[in-house]
Amino acid sequence: MRLSFYPGCSLEGMANDYARSIDAVFRNLGIDLVEIEDWSCCGATAAHSLSQTMSVLLPARNLAAAEKLGHDIVSPCANCFNRLRFSQNMIKKKVFDIPWPVTGDIRVHDMTRFLAEPARIKSIKERILRPLNGLRVVCYYGCQMVRPPKITGYTDYENPQTMDRIAATAGAQVIDWSYKATCCGASVGIARKEIGESLTRRILQKAQQAGAEAIVVSCPLCQSNLDMIQKDRSKRHTPVFYFTELLRLSFAEHVDPKWFKMHFTDPVPLLRAKGLLS
Amino acid sequence: MGSYLSNPVGKVIVVGGGIGGIQCALDLADTGFYVYLIEKSHTLGGTMARLDKTFPTNDCSTCMFSPKLVQVAGHANIEILPLSRILELNGGPGRFTARVEKQPRYIDEEKCITCGKCAEKCPKKIPDPFNGELGTRKAAFLTFPQAVPLKYALDAENCLYLTKGKCGVCEKICPAEAVEFDQKPEILQIDAGAVIISTGFELALTAQEGEFGYGRYRNVVTSLQYERMLSATGPYGGHLRRPSDEEVPRKVAWIQCVMSRDPARNRPFCSSVCCMHAAKQAVLTRSHEPDTETTIYFMDIRAHGKGFDDYIDRARFQHGVKYRRSMISQVYLNPENENLIIETFDHHLNRKKEEEYDLIVLSSGFKPSGDFIDLAKQLGLVVNSYGFLATEFDEPVATSRPGVFVCGGIEAPKDIPETVIQAGAAAAEASILLSAARNTEIVFDEIPDEKPIETTPRVGVLVCHCGTNIAGVVDIQKVLDYVKTLPHVIFATDFMFTCSTETQQTIVKLIKEQRLNRVVVAACSPRTHEPLFQDTLREAGLNPYLFELASIRDQCSWVHGNDPEKATEKSKELIRASVSRAVQLEPLYESSYRVVNKGLVIGGGVAGMTAALTIADQGFHVHLVEKSDQLGGFARNLKFTLEGNSPASLIRYLSERVTHHPKISVYLKSRLISHAGHLGAFNGTVEKQGESIKIQYGAVIAATGGQPYKPTEYLYAQDERILTQVEFAKRLMEDPSWTGRLKRIVMIQCVGSREPDFPYCSRVCCSAAVKNSIKLKEMNPGAQIVVLYRDVRTFGFKELYYLKTRQKGVLFFRYIPEDKPEVYDENGKLIVDFTDRSSHQNFRVEPDLVVLSSGIRPDDGAKQIARLLKLPTTDEGFFLEAHVKLKPVEFATSGVFLAGLAHSPRFIEETVTMAKSAGQQAMAPFINEEGVSQIPPSACMGCGICASECPAKAISLKHCTDDQVFAKIDALLE
Amino acid sequence: MQNIISDPDQARKHDSGKERKLIGDRGDYFLNRMEGETGANISACYQCERCTNSCPVSHFMDIKPHQVIHYVQLGWREELLKSSTIWICLSCEMCTTYCPNEVDVAEIINHLRNMAAHSSITPKEKSLAVFHQTFLEVLQKSGRVNEFRLMNAYYLKPDILHERIKNKALKEDLLLGITMLRKGRLKLFTPKSRAIKEIKRVYSQTRGEIV
Ligand code: SF4
Ligand code: SF4
């Protein structure tokens, strides 16, 4: 199976570890990810905020490139996924002059939903070598992946299940909680740090209250926000994993603790305690 | 469809066994028709059977409903078909043939003795659907203790034998050999002249919707589940508990408008009843658990019925229910204690507020029951976009198929009294249609002959638990022990619900076995239940007047709820007094007399005319008395309705028919000046322009109507730029060029309504504002309209027009009564200043025109009629019906009825419905001219005490001889 | 008994001192334009406040989401474009998702933000406006956005550095940057997209254009 892969800017920088884990997981599952030829930035919140035209055109360029190949697109980043789908929606309305040939018909998946489809869950199950027994996690989806439902196609947007299903398949003990899809404040996180931090801190606190030992995410911004806020070492310490990192861990016979060196909140002690890092 | 009408079938099919269907069946069976009551579930009862108490009186729903269930179960002319549905309906008005499929019960109804052994031994437990899946029941079950028919059944989906072929224990244990695993569905063919659909509604919210965590969090429940949680027969035995840990919830919140007023979910209409439902539940919660805090999250309070605003005020100020005008989007869980968190934004602190609740109740809206769509298809009925059988304003119970009528919640979400009224109207339509076949299919009830009674009194005392209503306070065992020591008491026992159908059989048996000749029931109140028990006595061959009811609920357990010891003592006293009185009782015999089969209708408006026609169309004469010189009444003021209909053409049609009807005598410019007599034989005098005319009639309908309030506020009558809605609508239609020139207008709502002197809501004004706004926008799209309101009360499907109004760009701002808008003239410029409560800003508008939504008052003429007929009124001068819920068109005085604005403000279609219902009820005694039996009024001593104490019947007067009363008093003073 | 259904809290706070705003002087022009451009049915709003209650940052906003809708209905363009709200909004779409009237509140706010970006009005939340602007500048230079370059460019914007020093954020930011570098989370160089030209064209076409 072959898919167009739209990594997004973060995977080249801040979320390089996410990129590596995706690579390992898809390789193992035997799914070919073909990076979209010469992809460019989706414009993220900035284009959305300042110019509707750019927010349609920037993703459209990538959609056009993918349409040439014809495979479905899979996007690991919630924000990119949202922007691509948004752009498709606008392309179909045909109110924008788009300089590239594009129909908006190709399917754009968010990576969690793609992997949570029953057939994939089955093949994931077959590849588990190291079930994550005893690891108590909550899955955090954030806002861009599930909302607005009309764009994202999620019907269970209050209580999405994709990552929950995947993490459970990997053997983790997944805890239901109410704050799966609240916003982490990423879009104001740099310019109005205190606002962003107040939101992120709350999510962290709610996750801990729910009894989570770790948080599972699928978005580079969610990850870095939740991870970096835990600077204060004296407080309880809750590592934040990309869901593919957990999969990679459960697929692997040999695990190198270095895989987790980009984390601010070091997950190694927790994984050791659970006997998951031999 | 055909011309079967010359030779119709005198039978009617009623589909749906809730309160609507039951009422309709009774109304029809009492007016000479045979009724098939088809119910898809195991029992009659519908939604009402699941309610705990009802507002505004907080009367126990079961207690109110039980007598109806008993009546319907025992009625010789009502055939109940449970577990049945119509597969096919052929024919037309006058002669339909229905193919009905009856599902197996797996327990033979005839053989089952309701011993309950099967349920006791059944090993299969499932979450109880009747209790909203809280608590469990067995696969062999009885839906609820008052079920009709009161027979056990096997649940085919869960029974181990029926699903897996294992078990079969019930078959072995049943002493009556009633279990029949091999029962198959039956197909029946039924003939009937008319069909009435009353399939009701169910909650629109399902766990799959996931809204507010319903189905995800254990302590989020629906309003119906909460009813069950409060109920004595519910999963927690009437003690307030929450599902997760069965602890008493200390903070409970209600979220309103769940699945209502929600265009995003294609549920754009309002479910009409949830505001009052929530208020009632909060009040009950506070009385169950005074330390529990209750908060209701809402956007508009829709208390548009009679006395509703007053109830809300009492909830707020007397019971301390908190109201928060704020809509919630999500409910979060506190994982540590399964409490729930609601987040709101606090405007005054400019802060997000998290509030934690132990329990959240979702006031879910309603939808037609799941399989209704199939029924509608099979019957060829047209439904509206939301699946309801919505009707037209001039034919409020007619469906798209002639001969098929509708009533209750399937027409539109509505409350109990409205359902009862509509049921009466549907019965009226069927009754008119099938007039020619009246009394052709009915069977006559056989009443056993009375047995001579022994001279020494043998008193039996039956003490009722009334669920927990009495037993929760009074120590029943102590009372019984005491009662058994009283002189003449031969026998005493207790019952969970003495009024249930099953218990009646037991009582009959007891009377016979114990040779009782006096019966005392210690229970709720004689007001609602005396006739029921009297019937039971009759059945046992005992004279019905040898009965006494000791009111140990209304007069004791409800009053002394917090002092069980005192309540127990008082109960003993009350029963002792009743026993003493019972000993003195003598049999009374009813004699027949000829009924004057003519009606009198007072008021020639839409209500009066419709009521008159309902009676006259069934062949009986009507006197219609109107004080003005033309027919039409209040509706003559109205130019068009919200839905675009014309009241004028309705009035034209009605007055035409009334004027030319051979059975109607119209008296214009006339007044009723004297009135005497009793049910079936009244006589009165009509004064017509100085001339006195003596008339006779068997029943009266007071339809004296209403009149518009003339505002004294907001410069009305001082400045010609201030109009009322009625005047505005008139001008809109009559002067298009003026309409075209309007640039900006302001409408002010609740003028003269919901004020300290007139605390009721006039119900129609919000819709009037919406209606006139749409009209103006259609005629002059550039006109700007600003509506200043307190709560927008466009209930039911009228909400769609509110949406339309907003979409047309009409601006709505909310004001509060402490800070009303100010209207003044500044150098010739009209100015309106106000504060908006949503944006918290002060605004000014400079309109061309201010339109006041002034309320509706009872007509001045109502006072005279109230005096003459001795009719009770509310403080505001509206007539007071016999029972808010179940007798909305009757007065306590037999033979006197009411309809229309004289009852309370209402829409035309509601008036038409009510008038039909009143007409039908008034006409009932005329059917069987010679068969009406009644104690002659000469027996009345006119002592007057009884009139206030037992307002049931003239008969009751005879039942209050001085000896009897003194015996009771003596006993109390002993 | 009083017959008053109002929130007692609200009854207490009557801001009689506040100026009165005139309704109706601005007509429907702005409302119609907004409805036309966003396709959102703004006038359907019944002020239930679900949007404001669900918004995670309404307490940082000067005009609350439900008020935004009211303001648009009243034609108060300038007040809206000058508000902090349009910049604070996270586009998290809670409001839109939960609005019972399908008012696309988030899109309306975003559209106002777009409008403000192309107007002469000085944004109330300068740091946010400048951040988005910087992002696009970096984007058009390399087709992709390198976080390190983004942060550098942002800090070098007039006022931003100054502001960061003033509110003592600079030191923290620097420390964070160093840690990130050490952990390999900041890459100094990442590939560029070859499509810079095309993107530049899009960028220059849309800049200054009123969307
Ligand atoms: S949620 Fe929708 S209807 Fe409610 S106030 Fe906000 S925009 Fe208006
Ligand atoms: S999109 Fe903006 S206004 Fe809407 S809820 Fe999110 S932050 Fe608030």
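Quantities reported herein were computed from a predicted structural model and do not represent experimental measurements. Below, chain A is the first sequence line, B the second, and so on; all start at residue 1. Scope of the values below: all heavy atoms of this structure, side chains included, with no hydrogens, waters or symmetry mates.
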- Query: Given C:K64, which of C:N53, C:T52, C:I69 fulfils the side chain to side chain contact (heavy atoms under 4.5 Å, CB included) condition?
  - Reply: C:T52
- Note on the structure: Among B:I342, B:D833, B:I328, the residue with the most heavy-atom pairs under 4.5 Å to chain C is B:D833
- Query: Which answer fits B:M327, side chain, backbone, both or neither, if we ask what part of it has an atom under 4.5 Å from a heavy atom of chain C?
  - Reply: both
- Item | Between C:R185 and C:T179, a side-chain donor and acceptor under 3.5 Å | no
- Query: So which bits of residues 54-61 of chain C come within less than 4.5 Å of chain B, counting non-hydrogen atoms only?
  - Reply: C:S54, C:C55, C:P56, C:S58, C:H59
- Message: Among B:Q807, B:K352, B:K804, which residue has the highest count of heavy-atom pairs closer than 4.5 Å to chain C?
- Response: B:K352
- Message: Tell me every residue that passes ring pair (Phe, Tyr, Trp, His ring centres under 6.0 Å) with B:F345, counting only those two or more places apart in sequence or in another chain.
- Response: B:H347
- Can C:T85 and C:D62 be counted as having a side-chain donor-acceptor contact under 3.5 angstrom? yes
- Task: For residues B:Y815 and B:Y789, establish whether the separation of their ring centroids is below 6.0 Å.
- Result: no
- Under 4.5 Å from a heavy atom of chain B, the part of C:C95 involved: neither
- Item | Partners meeting ring pair (Phe, Tyr, Trp, His ring centres under 6.0 Å) with B:F834 (sequence neighbours left out) | B:F813, B:F843
Indicate every side-chain donor-acceptor pair of residues 166-175 of chain C with a distance under 3.5 Å to a residue at least two apart or in another chain.
from, atom 1, to, atom 2, distance (Å)
C:N167, OD1, C:A169, N, 3.4
C:D173, OD1, A:K193, NZ, 2.7
C:D173, OD2, C:Y155, OH, 2.1

